[in-house]
Protein chains: 2
Amino acid sequence: MDHCSTCVVRNRAICSALEMDEISLLGKMGRHHKLVAGQTLIWEGEDSLLVANVIDGILKLSTSLSDGREQIVGVVYPSDFIGRPFGTRTQHNVTALTDAHVCTFSSSDFDRFAQSHPELEHKLLERTLAELDRTRRWLLLLGRMTASEKLAHFLLDMSQRLVRPDCANDGPVDGFDLPFGRQQIADILGLTIETVSRRLNDFKVQGLIAVPSRRRIEILDRDGLEGIAEAA
Amino acid sequence: MDHCSTCVVRNRAICSALEMDEISLLGKMGRHHKLVAGQTLIWEGEDSLLVANVIDGILKLSTSLSDGREQIVGVVYPSDFIGRPFGTRTQHNVTALTDAHVCTFSSSDFDRFAQSHPELEHKLLERTLAELDRTRRWLLLLGRMTASEKLAHFLLDMSQRLVRPDCANDGPVDGFDLPFGRQQIADILGLTIETVSRRLNDFKVQGLIAVPSRRRIEILDRDGLEGIAEAA
DNA sequence: CGACAGATTGACGAAAGTCAATTACGGTGG
DNA sequence: CCACCGTAATTGACTTTCGTCAATCTGTCG
């Protein structure tokens with residue numbers, strides 16, 4: 001049967017570049033996988049490397065040093081594409097932060113299909129360019145910002161992305177639940193868990209935010225936060 | 001006349017995806033520009049936004065904060081592509097570190113041409129994916145490494161890229177001239193000029209490197225440097 | 001209700017940043 | 001070819017921020 005016709009992200013994922021009959025062709029090569037929160041996606045499939053579309057849930061991409069230091073290098077939402085087509089293997093781990101559904105393809109199948117479907121490649125190119133822009137802005141954050149600036153940026157960024165359960169973007173919202181624990185926030189911002197905790201507390205004391213529960217954030221003074229985040 | 005037939009990077013730049021007659025079509029839309037070291041590339045052309053191929057020289061991509069803090073987010077070598085096709089404007093400045101030649105195209109011309117030449121888009125996609133990988137590894141460096149680790153990585157990285165004047169990759173070499181001053185090294189690694197100077201001096205004292213002149217580096221103990229750089 | 005992981009708080013240390021002074025390189029002109 | 005100048009790099013003294021280690025607290029879930 002055809003998963004694609006009922007796929008909730010088919011209009012936003014790269015598949016949206018394709019006509020209906022092409023989609024179902026691609027669909028035949030794809031496999032649906034369920035991941036529980038914390039589970040790591042294994043890139044070797046039964047007989048080959050994989051790439052995937054995220055259908056539902058939030059996942060992190062991370063790399064680490066031999067002594068355990070970890071850096072999160074990407075956060076992935078529904079409709080995003082993950083993995084490394086064309087040759088190389090991904091150099092980072094992919095771990096589900098929430099329960100998640102992904103639609104996987106063997107790299108080689110996908111590569112072949114993509115090469116013969118320019119619209120698909122074009123969509124993938126646009127996404128990759130956007131992701132590169134985002135990642136480069138992140139370099140500025142990691143290289144040149146203080147802990148408070150990093151956190152303010154992070155909270156503002158999250159308020160724009162985590163609006164609805166399906167992560168569709170509807171403009172910023174002032175209250176939201178983070179899909180991250182403190183350690184993960186630290187791994188995103190290049191800080192320690194203690195520094196995250198302290199600066200978050202500063203914001204609370206300054207009346208900029210409220211933290212009614214571990215993962216809940218409420219922005220009380222957006223302008224104030226933006227002041228700390230600093231104009232780029 | 002046709003620049004492309006004599007272009008030194010035509011076999012390595014994205015143009016290499018095209019047949020000879022297609023190249024000269026693209027070539028007709030391109031303009032040759034000469035940049036002197038220090039000059040910033042202006043993205044607004046006479047009537048539109050630009051993208052470009054680097055023919056010769058080394059350029060930096062950088063972003064900065066309102067108070068002057070700067071982060072270099074990319075270093076670009078001959079045959080590399082720069083600029084942001086498809087929609088958005090580049091969010092960073094491009095500055096020549098050495099005298100340089102670039103071949104510019106109006107964004108809209110390029111976009112239209114690319115859309116009708118899948119092989120070109122494919123090449124661009126592969127490059128963008130590779131650049132994204134590189135940038136993500138850089139996140140780990142900025143977020144989680146100490147000053148010494150950053151510098152060791154940087155030097156090893158440079159020794160693999162700066163082999164020959166044309167930057168063709170021929171394997172690592174132990175002596176090379178950096179195209180960067182200390183401030184630029186600092187802006188790449190998210191450090192201050194003073195810290196760069198001090199840690200570089202440590203390496204000198206430890207007999208890992210020699211610095212016979214301002215921009216010259218000689219690696220004396222590659223294994224030692226790799227030990228500091230740490231396994232990923 | 002209790003236990004445990006996750007988060008916070010505190011005291012302290014270390015790494016990198018800041019500010020200022022000094023030195024050295026590299027290019028210019030005599 | 002050498003002396004001089006200006007920029008870039010180095011060095012030193014000091015401060016600040018963040019990290020480390022350890023103790024305590026709290027929310028969540030069985």
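Values below: every heavy atom of this structure, side chains too, minus hydrogens, waters and symmetry copies. The structure displayed is predicted, hence computed values, not measured ones. Lettering follows sequence order; numbering is per chain, from 1.
No donor-acceptor pair under 3.5 Å is formed between the side chain of B/T95 and the backbone N or O of B/Q39. Within the 3.5 Å criterion, the main-chain N or O of B/V73 finds no donor-acceptor partner in the side chain of B/W138. No donor-acceptor distance shorter than 3.5 angstrom exists from the side chain of B/D56 to the backbone of B/A100, with no hydrogens or angles considered. Checked by atom type and distance alone, the side chain of B/T195 never pairs as donor or acceptor with a backbone atom of B/L191 at under 3.5 Å.
Taking the six-membered ring where the residue is Trp, the centroids of B/F81 and B/F110 are separated by under 6.0 Å.
B/R10 meets the side chain to side chain donor-acceptor pair (under 3.5 Å) test with no other residue; sequence neighbours excluded. The side chain to side chain donor-acceptor pair (under 3.5 Å) test applied to B/Q206 returns no partner, not counting sequence neighbours. Taking the side-chain contact (heavy atoms from CB on, under 4.5 Å) definition, one finds that B/E126 meets it with A/F86, B/H122, sequence neighbours left out.
Taking atom CZ of B/F180 as the reference point, atom P of D/dA8 lies 16 Å away to the nearest angstrom. Residue B/I228 contributes atom CD1, which lies 14 Å from atom P of C/dA15 at whole-angstrom precision. Summarising the geometry, the separation between CG on A/D177 and C1' on D/dT28 is reported as 14 Å, rounded to the nearest angstrom. To the nearest angstrom, C1' of C/dA24 lies 15 Å from CZ of B/R215. Rounded to whole Å, atom P of D/dT17 lies 11 Å from atom CG of A/D202. As rounded to whole Å, 13 Å separates atom P of D/dA9 from atom CG of B/L151. One interatomic measurement links the two molecules: CD of A/E149 to P of D/dT17, which rounds to 11 Å at whole-angstrom precision. To the nearest angstrom, P of D/dA9 lies 12 Å from CG of B/D187.
For the helix from C/dC1-D/dG30 to C/dG30-D/dC1, the terminal axes (five pairs an end, C1' atoms, rotation from four pairs onto the next four) enclose an angle of 40°, given to 10 degrees.
Between B/H101 and B/H32, the ring planes are perpendicular. Angles over 60° get that label, and only those under 30° would be called parallel.
Side-chain N/O atoms of A/R182 include one lying less than 4.0 angstrom from OP1 or OP2 on C/dT8.
Near DNA chain D, meaning a heavy atom under 4.0 Å away, the residues from residues 191-201 of chain B are B/E194, B/S197, B/R198, B/N201.
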Protein-nucleic acid N or O pairs under 3.5 Å, nucleotides 1-4 of chain D:
none

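We find that B/R69 and B/D187 are not joined by a salt bridge, their nearest charged nitrogen and carboxylate oxygen being 4.0 Å or further apart.
Taking 4.5 Å as the limit, some side-chain heavy atom of B/S79 sits within range of a side-chain heavy atom of B/R127.
Judged by atom type and distance alone, A/R214 reaches the base of D/dT26 through a side-chain donor-acceptor pair under 3.5 Å.
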